[in-house]
Amino acid sequence: MQVRSIPVAARPRHLNGLAALLLAVQLLGLEAMAQVLSDAAGVWNNVAISTPSSLTYHTDTEGRLTWVENLNGFDTWQAAITVNQQGQFSGPVTGTIAVAGPGLIRVSVPDEPPASFFLNSRGDFMVSAKLSRDDERHDLELLLKAPPNLAPADLAGQWRGFNLVTPTKIDLILNQSLVVDLEPSGRFEVRMGSLTVAADGTISGNMGGAFTGRTTTGVNGTVSVHVDTAPPDPGFDLQFVVNASKDIMAGQATGDEGEQELILFIRTPAGLSNELKGLWRAADFAVPTELTLQTNAVGEVFGLDGARDFEIWHDAVSVGHQGALIGLTEPMVGQVTLGSAGLVRMSGTNGEGDSFTKDFWSNAGQDLLVSTETVEHQELTLALRTPSSPAAETIASKIRWRRQGECLELFWASDTNRV
């Protein structure tokens, strides 16, 4: 990573970092089109979870809570679509895909605004964290390209799991038109776990509790998982899908206790063998830890903590020689450190001068990093390395700057760390 400081007065007039990034995407999008769409044809499995985008609450003239809007904006779904060579797809919905830039796929459905997905370097996994058309929901959508064939032995090995759990809905309990309680209490959770798959399809692991079971595989990348439970309970079944490279597996479920969840497994790499260099795009999906009613001294409810803690945001970073880390959408400079069992640690300083450290976990193909956060809220982050192309390299190697006192600091990440 290179860092240079120049006096502010000597700064040339040019586009800021975000504008330059967007311009580069527009100018270089055509270069990447043949690279991506030529490999997009096939069956893609969609796995998704929705939450409210925010909760709006109403009060009476004395400030007491009378109603909360959008409490039923929770959902999960799983479906398959088929994409042809021209980028047209069919399934539960029809539409088209197009390339909007390196690692950016635009999905268009009639009567819906276009949605942007991030694409991994091998072209078999996409993710989108987006706002619904009516602005009432946040959707986290995963698309996994199905492998041509799949057997239980193809899944054998160690997997790391990630789980986002939310209520399926939250009801208000009213007394004389005033809110007195929530049912359920509105708890949310993001957690990590593990999965071991044997060559014969038997499994064991831990995801909020130890489990055992077995897998069977079907067509178009489908994986049926039976989870054992204590007799006389017969256990339960989950449906997953796997990507063409067979190192990402995803599914969704709705439980009997009013919970829904998105489940993601990534195969643990034997070792991280390169510097993870390239352009990375990240999607973040956050929910509150808990929705809690605010009460006054006499027990009357006047507010709802966590109502504004449903968030989505996007980021882009460049990883250069020897792990140099540069923020492309937000000022940031730091270092990527590779650990064991797929651990990738990003640390550095943001634009305000605050230090940060965030741990990710890599899949075997080293083009998906997953991270969780449980301190201020429940957050799931997925970062995808974009397909390699001159356009991606141009964006990743651009110089970024920030003001530091009377100077500007310039940052860039390159293969050689030379001017």
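Computed from heavy atoms alone, side chains included, the values below leave out hydrogens, waters and symmetry copies.
- Heavy atoms of other residues, nucleotides or ligands lying less than 6.0 angstrom from CZ of R345 number 12 at most.
- Atom CG in L143 sits 4.5 Å away from atom CZ in F117 (nearest 0.5 Å).
- Judged by distance alone, the side chains of Q88 and T96 never bring a donor and an acceptor atom under 3.5 Å apart.
- Relative orientation of the F310 and F188 rings is perpendicular, given thresholds of 30° and 60° on the angle between their planes.
- Heavy-atom neighbours of R106 CZ from other residues, nucleotides or ligands within 6.0 Å: at or below the threshold of 12.
- Between H138 and E311, the side chains place no donor N or O within less than 3.5 Å of an acceptor N or O (distance only, hydrogens not considered).
- The shortest heavy-atom contact between K246 and P147 is CE-CB, 3.8 Å.
- Within the structure, the salt bridge (charged side-chain N to carboxylate O under 4.0 Å, His left out) test picks out the following pairs touching residues 200-218 (sequence neighbours left out): R214-D228.
- Here the OG-CZ distance, from S128 to F118, works out to 7.5 Å after rounding to the nearest 0.5 Å.
- The aromatic rings of F240 and F265 are tilted relative to each other, their planes meeting at an angle between 30° and 60°.
- Atoms CD and OG1, on E189 and T372 in that order, are 10.5 Å from each other to the nearest 0.5 Å.
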Check the pair T329, D315 against side chain to side chain donor-acceptor pair (under 3.5 Å), reporting the backbone distance first and the verdict last.
-> CA-CA 6 Å; T329 54; D315 203 356; 2.4 Å; yes
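- Side-chain contact annotation: Q239 with S224, donor-acceptor N/O pair under 3.5 Å present.
- T381 has its side chain within reach of K358: a pair of non-hydrogen atoms, C-beta onward, lies under 4.5 Å apart.
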